[in-house]
Amino acid sequence: MEFFHTVEFYVILLVIAAFCVGLLAIPSGSGPVETGFADGLLSFTPEGEADPEPRIEILCQEDGSVKILRYGLPADLDSAATVALAVSRKGFDISIEERITPSGRPLLASEATPVNTAMFHLPVLARERYHIKYNSDPTSSFTTLTLHNRPGLHSTRILRKA
């Protein structure tokens with residue numbers, strides 16, 4: 001019984017307790033990856049009203065949803081093109097892949113409307129801090145940011161060439 005009153009016994013007991021606390025503190029995982037898609041509403045912003053530099057603007061709405069405005073789309077797009085986002089979320093990490101599909105048919109002069117802006121609406125996100133990676137393979141550009149989803153938050157990020 002002399003062992004239970006030694007310093008070594010209490011050190012071993014302390015190490016075992018610290019190990020148990022460490023195991024309890026490990027997160028159980030961030031859950032499955034959820035993927036969704038968002039189609040862009042295309043428009044034309046006159047160059048005098050907006051900077052043509054490729055960028056995204058993020059606006060957090062009152063209901064928790066997020067609006068993404070994409071400026072500086074390629075010059076050869078018209079109103080028949082499609083710009084969409086593939087949004088993958090795992091926990092608080094969001095990966096956004098931009099997909100641009102030009103119109104497959106030639107338009108008449110009266111139908112052709114140039115576009116340079118797309119607006120996307122992401123469904124409701126919790127009022128948390130998210131790490132976002134935005135990638136556009138068609139334009140070889142990307143950006144990363146941390147989004148603290150709070151009503152009224154407005155953030156702008158330039159898309160950098162890869």
Side-chain donor-acceptor pairs of residues 31-38 under 3.5 Å, sequence neighbours excluded:
residue : atom : partner : partner atom : Å
Glu34   : OE1  : Arg89   : NH2          : 3.4
Thr35   : OG1  : Ser88   : OG           : 3.2

N/O donor to acceptor pairs below 3.5 angstrom from side-chain atoms of residues 56-64, sequence neighbours left out:
residue : atom : partner : partner atom : Å
Glu57   : OE1  : His154  : NE2          : 3.1
Gln61   : NE2  : Leu59   : O            : 3.4
Asp63   : OD1  : Ser65   : N            : 3.0
Asp63   : OD1  : Ser65   : OG           : 2.6

Minimal non-hydrogen separation, [X] against [Y], with atom names:
{"X": "Leu42", "Y": "Asp78", "result": "CD1-O, 4.2 Å"}
{"X": "Ala81", "Y": "Pro102", "result": "CB-CA, 4.0 Å"}
{"X": "Asn135", "Y": "Ser141", "result": "OD1-O, 3.4 Å"}
{"X": "Thr139", "Y": "Pro74", "result": "CG2-CG, 3.7 Å"}

message: Could you see if Phe92 belongs to whatever hydrophobic cluster contains Tyr134? Use Ile, Leu, Val, Met, Phe, Trp, Tyr and a side-chain cutoff under 4.5 Å.
response: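 Result: yes, single cluster for both.
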field: Joint hydrophobic cluster, Ile132 plus Phe142, side-chain heavy atoms closer than 4.5 Å
entry: no
So do the side chains of [X] and [Y] get within less than 4.5 Å of each other, counting heavy atoms only?
{"X": "Leu122", "Y": "Val87", "value": "yes"}
{"X": "Glu97", "Y": "Asp137", "value": "yes"}
{"X": "Leu73", "Y": "Thr117", "value": "no"}

Roughly how far, to the nearest 0.5 Å, is the [atom2] atom of [Y] from the [atom1] atom of [X]?
{"X": "Ser155", "Y": "His148", "atom1": "OG", "atom2": "NE2", "value": "12.5 Å"}
{"X": "Leu69", "Y": "Arg55", "atom1": "CG", "atom2": "CZ", "value": "9.0 Å"}
{"X": "Thr6", "Y": "Phe9", "atom1": "OG1", "atom2": "CZ", "value": "8.0 Å"}
{"X": "Leu41", "Y": "Lys67", "atom1": "CG", "atom2": "NZ", "value": "10.0 Å"}
{"X": "Arg129", "Y": "Asn149", "atom1": "CZ", "atom2": "CG", "value": "11.5 Å"}

task: Let me see the working for Met119 and Ile68 under side-chain contact (heavy atoms from CB on, under 4.5 Å), right down to the final yes or no.
output: CA-CA 6 Å; Met119 181 177 67; Ile68 298 177; over 6 Å; no
message: Between Val83 and Val115, does the side-chain contact (heavy atoms from CB on, under 4.5 Å) criterion hold? Intermediate values first, please.
response: CA-CA 11 Å; Val83 179; Val115 296; over 6 Å; no
- request: Test Asn116 against Leu77 for side-chain contact (heavy atoms from CB on, under 4.5 Å), laying out the working first.
  value: CA-CA 7 Å; Asn116 62 2; Leu77 294 180; over 6 Å; no
Pair Leu159-Arg70, side-chain contact (heavy atoms from CB on, under 4.5 Å): steps then yes or no: CA-CA 10 Å; Leu159 291 172; Arg70 166 65 157 97; 3.4 Å; yes
- request: Would you please say whether a donor-acceptor pair under 3.5 Å links the side chains of Glu53 and Tyr71?
  value: no
- prompt: Does any pair with a residue in residues 146-162 pass salt bridge (Lys or Arg N to Asp or Glu O under 4.0 Å), and if so which ones, sequence neighbours excluded?
  reply: none
